[in-house]
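Since the model is a prediction, treat every value here as computed from it, not as a measurement. Quick note on labels: first sequence line is chain A, next is B, and so on, each numbered from 1. Excluded from the calculations below are hydrogen atoms, water molecules and symmetry mates; all remaining heavy atoms, backbone and side chain alike, are included.
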Amino acid sequence: MKNVVMITCPSCAHANPDGAVNCEACFTALPIVSTIQCPSCQADVRSDAKFCGHCGFNLSNILGDDLGKTEDEGLGILSEAVSNNLPSEVITSQTESVAVPSIHTTSSAMSNTLPNEISSDDSGIVINPISEFPTIPKFTDIEKILAAEGNEPSLNTPINNIFEPELDNEASNEKAAPMNASINSSTIARTQLQQFAASLLHIQTNLNIEIPAHLAVVHIGKPNTVIPPDIDVSGFPDSDIVSRIHADIRTEGGSFYFEDTGSSNGTYINNLPLSAGNRHKLRAGDRISLGKGDKVSFVFQLNT
Amino acid sequence: MSVNLNCKLSDRFLDSKQSSSQRQLAIALSANASLDGNNTLLNLCLVLDHSGSMVGQPLDNVKRAARDLVDQMTQQDRLTVIGFNHKASVVVENQPVDRTESIKEKIQSLKASGGTCIDDGIKLGLQETSKGKDGTVSQVFVLTDGENEHGNNDRCFQFSRLATEYNMTLHSLGFGDSWNQDVLERIADAGGGSMAYIASPEMASAEFQKLLKRVQSVNLTNAHLILQLFPYVRLAELKPIAQVSPDTIELNYQTEGNAIIVRIGDLMTDIDRVILFNLYINPSTFISAYPGKSDIPILSVQVRYDIPSLAQVNLLSEPEDVSLQLIQNFVPQVNADVQNHLLALAKYRQTQLAEQKLQQGDRAGAVTMLQSASKTALQMGDYNASTILQDNATRLQTGTTLSEAERKKTRIASKTILQSPKES
């Protein structure tokens, strides 16, 4: 499952032949894109990724725990890397994952939990795959401690809400697998991205839709085979004027940008047309209308 | 006397599943001096610029530096001094350094006047030096402070190449800030020598001494690397061979049959010359022919060289085989030394590209390239070079142009390692 794709040098644009590691012209190390399969959602992810970009699964940590297991080929390659002690990233992740359980035992054993120990636990998003291995001692104890300290961020909300509206089933079928996975991971992982959370309030039904916080690009539209929508509007009245691939919301540096991805009936922001290719930086209170006639409209809200 | 040859691969393992893999081979070469009793004799030629711009302190310092060199040489060594402005003349005829006082007097008689014609100086230097080239190591130092306005740069490069055919080595020294670093670099590269930068007159003596120390440690000359590649191995298409240490030089090669021949030139006893080869290996034919074998030979290396002190030419070293190890679950295991050589070449090439972009008027591209070069220098632990390169990038970014002195400093920073990484 390791495919190497050669590209032209990002530094000097020299086209290098297959197998090149350093650019022939400027000797810059070339980015070699090799992919492995995420053991959780089976999506292709880059072999140097620490987390799966699709489901948030912690790849580095599972390798640290699964050192002996090589039934998955993708895993085999990486765990080989760990045992061969080479790429530094993998080594650090290995030591990280080894270190984490020891922190757990000490912090749960000690009655006077120091604040920095809590924070080191807290920052350890690495906790998540451990929960799948009940052998790790006293995970629930820490969970209780964390809950008691009030450090538990309740970030299981954003994606769940998308499923609450009466979206038709075939629409959710397609995305069900990755979505479910991401719900799992976000509830366990406590990703602390809440300060960026935003939502769209559908004006016609007064329904609030959270914008999935873990996605850099949120696709808005209706079910299709090319780009499955992250926010599916097919359940809303008058959704026939919305294109299947209608618009994207991009998150960059904490800001949200709205862009029309070539819809048939256009997008209007604050009643002004948003021409295709233009981005609009969203501010709280912006009114977004998909299609003409202000029939499928949203108000952009920031949840702080 | 023999050759020290040390081959290192960027990664000695090879992915048996990958159809084509890139590897770099670093070959370190030096002369093994231990077996030799009699010292190699030096046949040194100084080609000194005494054009009008050298008037005053610059020429005085150069003359003093040249006189200091005379004191450092033994009586059997030979010396030639050529002075040139827009014309060239013999100042000290090729002779043994036994009457030092008369030689020094002749050097002292140089007066600054006239224009600059480097090629005539080099030509006369080669003619005069060739009289004493038998049984000696012939080295030519060309010092200039200006553009070659009365000469022809292409003629300079031709003479440089000619020098290597006569088994003489040409080094160039740039004095002050108004010389052309492209011309002097090409003279030195074609002549098999090094390029030095004398930023201020006081540094003349130090740079001369440094260069003298280098040429005095030359024991073997006219060295050629001969590589026999196996059929499933090929050189990279673009600039596959370069020297990366002590300074970076792009090297040309010739092919004879399936042998690749690269001229290296002088071999020193104390300094390794490291040559980097960029190779591609397609192991599939080998694997199908020898399915069980894990060792895959890729090439053999031989050195052809002369021993001037024994008047022996075209000696061949024992061939050394280089092989890789085929493995199934390949994981890169990069050799740190070779990686540093790679970075040295990357730094040089990136700076060169930056200068090209600057000449084309692509300022933004040049800044980006300089920044990558600076980052590369940082990765090698060459903090001084990194600072110089980053400063240049910043200067360009703010819209100012680089001064001539800065451009020279940049060239030297890219070509040599200003600060070697601390051994830890």
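Within a 6.0 Å radius of CZ in Arg12(B), other residues, nucleotides and ligands contribute 12 heavy atoms or fewer. Around the CG atom of Asn252(B), the shell of radius 6.0 Å holds no more than 12 heavy atoms that belong to other residues, nucleotides or ligands. For Arg234(B), the CZ atom sits in a packed shell: over 12 heavy atoms of surrounding residues, nucleotides or ligands are nearer than 6.0 Å. The 12-atom threshold is exceeded at NZ of Lys357(B), counting heavy atoms of other residues, nucleotides or ligands nearer than 6.0 Å.
Of the residues considered (Lys239(B), Arg23(B), Glu237(B)), Glu237(B) shows the highest number of contacts with chain A, using heavy-atom pairs under 4.5 Å. Between chain B and the residues Cys12(A), Ala25(A), Ala29(A), the most heavy-atom pairs under 4.5 angstrom are made by Ala25(A).
Looking at every heavy atom in both residues, Leu238(B) comes nearest to Glu24(A) through N-OE1, 3.1 Å. Here the shortest heavy-atom pairing between Tyr280(B) and Pro17(A) reads OH-CG, 3.3 Å. Contact detail for Gln350(B) and Thr28(A): the closest heavy-atom pair is NE2-OG1, 2.9 Å.
Ser11(A) contributes atom OG, which lies 11.0 Å from atom CD of Gln371(B) (distance to the nearest 0.5 angstrom).
Neither the backbone nor the side chain of Thr351(B) comes within contact range of chain A; no heavy atom of the residue lies under 4.5 Å from a heavy atom of that chain. Heavy atoms of Gln352(B) lying under 4.5 Å from chain A are absent altogether.
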